[in-house]
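This report refers to the structure that appears directly beneath it.
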Amino acid sequence: MLVLIKETYDDLSRHTAGMIADRIRRKPDLVLGLATGTTPLGLYRELIRLHRNDGLSFARVTTFNLDEYIGLPRTHPQSYYHFMQENLFRHIDVDPTAIYIPDGMAPDIDAQCEWYEQQIVRRGGIDVQILGIGANGHIAFNEPGSSLGSRTRIKTLADQTVKDNARFFKTADEVPKTAITMGIGTIMEAREVFLVASGAGKAAAVKAAIEGPITAMVPASIIQMHRKAYVLLDRDAASQLTHTFRG
Ligand code: PGA
């Protein structure tokens, strides 16, 4: 596990984008796992800039998103499909047929989850998976208590996650209570994992994940078991680390 600490959110976003650009230049048909939320916004802005100004092409890249709310149509402004279109896909040259996001409106959710797993395999597996971390230590919608070996499935959001995500909806009641999420076992099969966190609100979760015991109560702690994991932090997110080199 390599912990990289950058001074500011912008530095963090630029650095993470640079690492992804490097992977795409080395392997133009990279299979890239993507995340939603506030944290990757700066990263996506930087990838768009690299596409526009530096000729970074996503034409052969395949993307797999981590999760999607159940019951929100793709056109809903808070669906993760919509988020990805607005914040990344419509600004780059990615092939629309190589974009995978779980379908939260699928009539058979279990079949959709199984299909999603099969597509990851069919595309050769995920090369690089970007992850955020919840204030409660979740990764994707794998809330505390999720099986560390889990596969793509339906999960109920933790109360804290509903509260955290209420900021995007008019009221907390409007936040969907269930989602399709890649499992922790699925995420761990990615060849590289980049866990990105910014801000003091994540400092306790980051400390628990990388300096605490591996436990299903802190799903992000599983990355201690990954062979090629990078933890990319800004100063504030790193502020509670005591054992990690912070030079
Ligand atoms: P955030 O979400 O980037 O909006 O903080 C991260 C997460 O909950 O996984």
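Throughout, residue positions are numbered sequentially from 1 according to the sequence presented. From a predicted model like this one, the values you see are computed outputs, not experimental measurements. Counting convention: from 1, in listed order, for ligands and their atoms alike.
The atoms of ligand 1 that sit less than 4.0 Å from any heavy atom of G37 are 3 (O), 4 (O). Those atoms of ligand 1 that come under 4.0 Å of a heavy atom in K202, given as number and element, are 1 (P), 5 (O), 6 (C).
At a heavy-atom cutoff of 4.0 Å, ligand 1 is contacted by no atom of L131, backbone or side chain. Heavy atoms of R167 found under 4.0 angstrom from ligand 1 belong exclusively to the side chain.
When hydrogens are left out, the protein atom nearest atom 4 (O) of ligand 1 is T38 N, 2.8 Å; that is the closest non-hydrogen contact. For atom 9 (O) of ligand 1, the closest non-hydrogen atom of the protein is H138 NE2, 3.3 Å. Looking only at protein heavy atoms, the nearest one to atom 6 (C) of ligand 1 is I133 O, 3.6 Å. Among all non-hydrogen protein atoms, the one lying nearest atom 3 (O) of ligand 1 is T39 OG1, 2.5 Å.
Salt-bridge formation is not detected for the pair E117/R122: no Lys NZ or Arg NE/NH1/NH2 atom is positioned less than 4.0 Å from an Asp or Glu carboxylate oxygen. The residues R14 and D10 are annotated as not salt-bridged, no charged nitrogen and carboxylate oxygen being separated by less than 4.0 angstrom.
Between I187 and I139 the shortest side-chain heavy-atom distance falls below 4.5 Å.
The aromatic rings of H76 and F169 sit tilted relative to each other, their planes meeting at an angle between 30° and 60°.
No cation-pi contact links R90 to Y81, judged by a cut-off of 6.0 Å to the six-membered ring centre and 45° from its axis.
Although no hydrogens or angles enter the test, the distance criterion places a donor-acceptor pair under 3.5 Å between the side chain of K202 and the main chain of I133.
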